[in-house]
Each structure stands twice: as C-alpha cells, then as structure tokens.
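We use all heavy atoms of the structure for the numbers below, so side chains are in, but hydrogens, waters and symmetry mates are not.
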Amino acid sequence: MKIDDIKAYCSNPKNRSTVNVGLFFVLIISFHFLYLGWQALDYWPVKTYIDGLMVWSVDLLFGQSCAVLDRFLHVDITTMSERRLIATLNNEGGWGRIVVAPECASLKQWLHWVFLMVLFPGPWKHKLWYIPAGLVVIEWVNVVRICGILLMQVPWPNSFRLAHDYIFKFFFYFVIFLMWMLWVERFCNKAKETKSKS
C-alpha cells in the first residue's frame, strides 16, 4: 500500500469513523509508552512539580473517596490517613481494603486526556473548555473506581485483583473513549461539515 493510497483512504468521508477510531488508539497507545519512558526517566526535567502534583492528587482522591463512601453511601469505613488506607468489614468478618497509592491517582489519565485532545483535530474554542471538563470527569470516575474496588470486596472478599486490574481499569478507559466519541460527534465532525459546506 502506497502513501497516496493511505492519504486517499483517510481523506474519504466514508472512512471518517474508522480513521478517527484508529487515530484514537494510536494516540492512546503512543502516550502509554511515552509515559512509561518518562516515568523511567523519573519525570525529567519536572520531577519536583510532578511529585508535588502526585501528592496533591493522591490526597484529593483519598479525601473524595472517603467522603463519598461515608457521607453519600453511608458505608462504615476505617481510614489510616498517613497510609491513605480505606477499609470496611466484608461479609465474612474480615476486612476489605484499598490503599490510595500514587499509581492510583488520576495523573496518568489526566495527561492521557490532555495528550489525546491536544493532538486530536477539532476547534480550539471548544477544546479550551472540553479538556478541563474531561479532567473533572476523569477525577470522579477515579473516585467511583476506588469506591467500587472497596465495595466489591464486601460480598466477594477475594475480588480485589479482578476489580482493580480488569473491571475498573476497563471502565476508566471506556469513559475516556465515550468522552472522546462525544467530542468527535458533537465538535470535530460538525466543524469538518461546516468547513466543507463553506
């Protein structure tokens, strides 16, 4: 397949959905490996700022998750603030627990979202509000994830690995995909249609 064939395929309006989904996955996977490389370099050259942002985001997530569990869901929780640990009794009389570690914070997903939205086509007048709105949604999805992982351990005490590694990780990226789809359908495609009519 030649470069001209690829360009022709990508510029054909009939292939727009396939091209957009392909671009989404290329950007998401690219960022994943870029982030791993940057992490291996210890977040050079902004390590101090990233460390501060990581501490702030962990504290934020821990506080929000405790508030949701305690005040909104009325779950009887025990916390250890210095370890960012949240625990509750499970149905077998043991403890379900989760530690809100730096890896749990939303930082990677925030950066994923910003990377995706900055590089993906669309009008900047909408990106300027849609990117921050997406960051807020991602933070609250992470709160749902933390609460969900803990609450799954109440009826199923051995479900931590399943909930953490599969169910809620998939849920996290599914919500990002839905936000991206909304962007493509409501803003990106409409901007292209308006441009082609004029």
Kindly indicate, with the supporting measurements, whether the criterion side chain to side chain contact (heavy atoms under 4.5 Å, CB included) is fulfilled by Phe172 and Ile138.
CA-CA 8 Å; Phe172 214 133; Ile138 287 168; 3.6 Å; yes
Measuring from [X]:[atom1] to [Y]:[atom2], what's the distance to the nearest 0.5 Å?
X: Leu107; Y: Glu139; atom1: CG; atom2: CD; answer: 10.5 Å
X: Ile77; Y: Arg97; atom1: CD1; atom2: CZ; answer: 14.0 Å
X: Leu151; Y: Thr88; atom1: CG; atom2: OG1; answer: 7.5 Å
X: Ser65; Y: Trp140; atom1: OG; atom2: CH2; answer: 8.0 Å
X: Ser57; Y: Gln64; atom1: OG; atom2: CD; answer: 10.5 Å
X: Trp95; Y: Thr78; atom1: CH2; atom2: OG1; answer: 3.5 Å

Is there a path of hydrophobic side-chain contacts, each under 4.5 Å between heavy atoms, that joins [X] and [Y]?
X: Val55; Y: Val100; result: no
X: Leu135; Y: Met54; result: yes
X: Val46; Y: Leu34; result: yes
X: Ile28; Y: Val118; result: yes
X: Phe33; Y: Trp44; result: no

Using the benzene-type ring in the case of Trp, are the ring centres of [X] and [Y] under 6.0 Å apart?
X: Phe160; Y: His164; result: yes
X: Tyr35; Y: His112; result: no
X: Trp183; Y: Tyr130; result: yes

Do other residues, nucleotides or ligands put more than 12 heavy atoms under 6.0 Å from the [atom1] atom of [X]?
X: Trp129; atom1: CH2; answer: yes
X: Asp76; atom1: CG; answer: no
X: Phe174; atom1: CZ; answer: no
X: Trp156; atom1: CH2; answer: no

Please name the pair of heavy atoms, one in [X] and one in [Y], separated by the smallest distance, quoted to 0.1 Å.
X: Leu89; Y: Val154; result: O-CG2, 3.9 Å
X: Pro155; Y: Asn91; result: CA-ND2, 3.3 Å
X: Ala101; Y: Val58; result: O-CG2, 3.8 Å
X: Gly96; Y: Leu150; result: O-CD1, 3.4 Å
X: Trp113; Y: Ile131; result: NE1-O, 3.1 Å
X: Arg71; Y: His74; result: O-CE1, 3.1 Å

Does the side chain to side chain contact (heavy atoms under 4.5 Å, CB included) test come out yes or no for Trp180 and Val21, once each step is laid out?
CA-CA 10 Å; Trp180 168 81; Val21 171; 4.0 Å; yes
Should [X] and [Y] count as side-chain neighbours, where that means a heavy-atom distance under 4.5 Å?
X: Leu61; Y: Val143; result: yes
X: Phe120; Y: Asn20; result: yes
X: Trp110; Y: Asn142; result: no
X: Tyr9; Y: Thr18; result: yes
X: Met152; Y: Ile167; result: yes

Side chain to side chain contact (heavy atoms under 4.5 Å, CB included), that's the test. Do Glu103 and Lys108 meet it? Break it down for me.
CA-CA 8 Å; Glu103 298 78 31; Lys108 182 183 177 188; over 6 Å; no
Test item: Asn15 side-chain N/O and Val19 main-chain N/O as donor-acceptor pair under 3.5 Å:
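Not a single qualifying donor-acceptor pair exists.
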Side chain of Arg145, backbone of Phe171: donor and acceptor closer than 3.5 Å?
no
For Tyr43 and Leu53, what are the C-alpha separation, side-chain angles and deciding distance, and is it a side chain to side chain contact (heavy atoms under 4.5 Å, CB included)?
CA-CA 12 Å; Tyr43 303 109; Leu53 185 59; over 6 Å; no
Residues passing the side-chain hydrogen bond (donor to acceptor under 3.5 Å, both in side chains) test with Asp51, sequence neighbours excluded, are Lys47
Give the ring-plane orientation class for Phe31 versus Phe115, where under 30° counts as parallel, over 60° as perpendicular and anything between as tilted.
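Rings of Phe31 and Phe115: tilted, as their planes differ by 30° to 60°.
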